[in-house]
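Structure first, then comments.
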Amino acid sequence: MSSRKMQLVIFGVGVHYRQIKTELDEIEGIQINAFFDNKEHLRGTYLDGILIHSPEDYKNMQFDYIILTSKYAADMYQQLIMLGVDKKKILFWGKFKAQFSKRRKIYYKCKESDSGQKDKILIISGIDHTGGAMSAIYAAKCLTSENCDVDLCAPNADYELIQELNKYGVDVIIYDVIPYIKDEEWIKNYRVVIVNTFQNIQCAFEISKYRPVLWWIHEPGYVYNSCLAEFSEYANTEQIQNMNVFAVSDIAWRNFSAHFQGVEKRVLLYGIPDMWDASPQLGEKTVFAVIGGISENKAQDIFLKAADKMRSASQAEFWLIGSLSKSDYGCRITEMAERNSNVKIKGLLTRKELYSLFPQIDVVVCPSREETMSIAINEGMMFGKVCITTDNTGVADYIQNGVNGFVVSAGDAAALSDRMQWIMDNKDQIKRIGENARRTFVEYFTIGVFEERIKNAVQETIAQWEQRG
């Protein structure tokens, strides 16, 4: 007789469920009895032959766990608790996967052997084109030297970036249960562990019990509530004293300290490789570009509204560079873009493709509602471009209005439009402002200055660990 299968209810039948369905199907010994969804028009319909219910129907069902598969998982968790569901029976998808799926580790090695003479450093991070992940990739490059042997571990990765890391001399480990790890024997072989991003909070807390941890924070404020709902057992400051916490900017630190008081403030600013091309290829129209995945926080809607308000809009082009999702917001941005013939959606580009396009860009715009730094603006500075950012970005601390760029109020399309129009009316100022932006980049954001900062932060983390005994 076969053993009883685990009875599951899946809450959320949208994009996230479709993304994880293959992984879910590979887990043995489970049976999906029902789906929940909050969209009324879906209730009473079938998906994969299984009926979709309202969450209120849970009282009439037998199940072992309700699995949350949505970007709104934290809200769904609270909804189920309010309905009276035992919280022990509610699992976020990642926790369920870590607990019940087979753990898979894939190695992409470039080093021939381990000499045992270098300090081994592990970086836990994403490996993609987001700002936080790129910061970790550049940190790995900085730390790879005669004295350091660096590995980077992630739950998944962009293969092009894996190849780039291998080229730097960094081995890559794809471990699909990150960040849901605890006592891992293989991690004890490292001298120090850099845990990148707040979302890897469980890694930071658990690894700090047995290895020195440098926890590097990059996240905007809206990330915290959902993350702490999933990792509620780590929402305290007692154990955080076992690690060194650094933030990428004052805004990133402000967001962190709102939830974890009494931790010494440290800021660790990143750096990026200098790919400066001194030969702009400017066209007849002035090109304003927003670089970053299409999302509400990146505020491409504010950028497009500002473009519509400009009196010289016909003499400009407005580029959107970044991944375009089929979310409600993504569809709204597409509709707005289609109404303005001067808007060009360039889509997701590799770093190489992006850098080849930079000479054609006149102005880099970061209209974000909140951003703890902005690699896009740093890259604009690197290429000597005029840059406009909002006052709720970390990079705004390095910009002096009219000198090396511009800062406008977040969410203010009229102010952004006025600033873009001023640039159109004063094109003779573009060269001066761009040259000053380039000087700011060289002073604060090159790999050379970052290398010194990251090495000092790592040595400080090791020394404090040894001092604690």
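Keep in mind that what you see is a predicted model, and the values were worked out from it rather than measured.
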### Task
Please work out which of the three classes, parallel, tilted or perpendicular, describes the rings of Tyr234 and Phe231, given edges at 30° and 60°.
tilted
### Electrostatic pair Arg453:Glu451 at N-O distance under 4.0 angstrom
no
#### Entry: Non-hydrogen side-chain atoms of Val290 and Trp319 separated by less than 4.5 Å
no
### Query
Any side-chain heavy atom of Ile66 within less than 4.5 Å of one from Phe36?
yes
### Query
Is there a side-chain contact between Lys265 and Asp250 (heavy atoms, below 4.5 Å)?
yes
### Message
I'd like to know if Arg43 and Asp57 make a salt bridge, using a cut-off of under 4.0 Å between side-chain N and carboxylate O.
### Response
no
### Message
Please verify the inter-ring angle class for Phe288 with Phe318; under 30° counts as parallel, over 60° as perpendicular, anything in between as tilted.
### Response
parallel
### Over 12 non-hydrogen atoms of neighbours within 6.0 angstrom of OH in Tyr444
no
### Query
Parallel, tilted or perpendicular for Tyr355 and Phe358, by the 30°/60° rule?
tilted
### Query
Is it true that Glu443 and Arg439 make a salt bridge, defined as a side-chain N closer than 4.0 Å to a carboxylate O?
no
### Nearest atoms (heavy-atom pairs only) where Val263 meets Phe260
CG2-O, 3.9 Å
### Check: Phe92 ring centre within less than 6.0 Å of Tyr77 ring centre
yes
### Message
In the structure I gave you, are the side-chain heavy atoms of Val386 and Val364 within less than 4.5 Å of one another anywhere?
### Response
no
### Task
Please report the C-alpha distance between Glu435 and Asn404 in whole Å, then the side-chain angles of each, then the deciding distance to 0.1 Å, and finally whether the side-chain hydrogen bond (donor to acceptor under 3.5 Å, both in side chains) criterion is met.
CA-CA 8 Å; Glu435 288 174 347; Asn404 61 346; over 6 Å; no
### Query
Is the count of non-hydrogen atoms from other residues, nucleotides or ligands lying under 6.0 Å from Glu233 atom CD greater than 12?
yes
### Query
Do we see a donor-acceptor contact under 3.5 Å between the side chains of Thr372 and Glu219?
no
### Message
Check this for me: Asp428, atom CG, are more than 12 non-hydrogen atoms of other residues, nucleotides or ligands nearer than 6.0 Å?
### Response
yes
### Query
Between Phe100 and Tyr65, does the ring centre distance come in under 6.0 Å?
yes
### Task
Assess Arg266 against Trp253: is NZ or CZ under 6.0 Å from the centre of the six-membered ring, and within 45 degrees of the ring's axis?
no
### Query
Does the side chain of Asp171 pick up a donor-acceptor pair with the side chain of Asn166 at under 3.5 Å?
no
### Task
Could you tell me if the ring centre of Phe406 sits under 6.0 Å from that of Trp422?
yes
### Message
One thing to verify: whether Arg311 and Asp425 come together as a salt bridge, which I'm taking to mean a side-chain N less than 4.0 angstrom from a carboxylate O.
### Response
yes
### Task
Determine whether the side chains of Asp37 and His53 contain a donor N or O and an acceptor N or O closer than 3.5 Å.
no
### Query
Should Gln315 and Thr286 be marked as a side-chain hydrogen bond (donor to acceptor under 3.5 Å, both in side chains) after you check the CA-CA gap, both sets of side-chain angles, and the distance that decides it?
CA-CA 7 Å; Gln315 301 168 35; Thr286 302; over 6 Å; no
### Residue from Lys97, Arg104, Lys21 passing salt bridge (charged side-chain N to carboxylate O under 4.0 Å, His left out) with Glu26
Arg104
### Task
Taking all non-hydrogen atoms of both residues into account, name the closest pair between Glu379 and Leu354 and its distance.
OE1-CD2, 3.8 Å
### Task
Step through the shown structure and confirm whether more than 12 heavy atoms of other residues, nucleotides or ligands are within 6.0 Å of CD on Glu452.
no
### Task
Taking atom NZ of Lys105 as the centre, report whether more than 12 heavy atoms of other residues, nucleotides or ligands fall under 6.0 Å from it.
yes
#### Entry: Stepwise salt bridge (Lys or Arg N to Asp or Glu O under 4.0 Å) test for Asp412 and Arg419
CA-CA 11 Å; Asp412 191 338; Arg419 186 53 65 196; over 6 Å; no
### Message
Surrounding NZ of Lys427 (heavy atoms of other residues, nucleotides or ligands, distance under 6.0 Å), is the total greater than 12?
### Response
yes
### Message
Which label fits Tyr224 and Phe198: parallel for a plane angle under 30°, tilted from 30 to 60°, or perpendicular past 60°?
### Response
tilted
### Task
Answer yes if the side chains of Asp128 and Thr130 hold a donor-acceptor pair under 3.5 Å, and no otherwise.
yes
### Query
Is any side-chain heavy atom of Met382 closer than 4.5 Å to a side-chain heavy atom of Arg438?
yes
### Task
With the side chain counted from C-beta on, respond yes when Val195 and Trp216 share a heavy-atom pair under 4.5 Å apart, and no when they do not.
no
### Task
Run the salt-bridge test on Arg351 and Asp158 with the 4.0 Å N-O cut-off and return the result as yes or no.
no
### Query
Are a donor atom and an acceptor atom from the side chains of Tyr222 and Asn255 found within less than 3.5 Å of each other?
no
### Query
Cation-pi between Lys95 and Tyr180: NZ/CZ under 6.0 Å from ring centre and within 45° of the ring axis?
no
#### Entry: Separation between CD1 of Ile67 and CG of Leu24, rounded to the nearest 0.5 Å
8.0 Å
### Task
Check whether any side-chain heavy atom of Ile430 lies under 4.5 Å from a side-chain heavy atom of Lys385, and answer yes or no.
no
### Task
Kindly give the heavy-atom pair with the smallest separation between Ser374 and Val395, and that separation in Å.
CB-CG1, 4.1 Å
### Task
Quick one: sort the Phe205 and Trp215 rings into parallel, tilted or perpendicular, breaks at 30° and 60°.
perpendicular
### Query
Rounded to the nearest 0.5 Å, how far does CE of Met373 lie from CG of Asn378?
6.5 Å
### Task
State whether Glu371 and Lys298 are salt-bridged, where the test is any N-O pair (Lys NZ or Arg NE/NH1/NH2 against Asp/Glu carboxylate O) under 4.0 Å.
yes
### Summary
Between Cys366 and Ile377 the two heavy atoms that sit nearest each other are CB-CG1, 3.6 Å
### Query
Side chains of Pro179 and Ile124: closer than 4.5 Å at any heavy-atom pair?
no
### Message
Under a plain distance cut-off of 3.5 Å, with no hydrogens placed, do Asn244 and Glu264 share a side-chain donor-acceptor pair?
### Response
no
### Query
Do NZ/NE/NH1/NH2 and the carboxylate oxygens of Glu230 and Lys87 come within less than 4.0 Å?
no
### Query
Taking all atoms of both residues into account, what is the closest heavy-atom pair of Glu353 and Leu348, and its distance?
OE1-O, 4.5 Å
#### Entry: Side chains of Asp274 and Thr446, donor plus acceptor under 3.5 Å
no
#### Entry: Exceeds 12 heavy-atom contacts within 6.0 angstrom, atom NZ of Lys346
yes
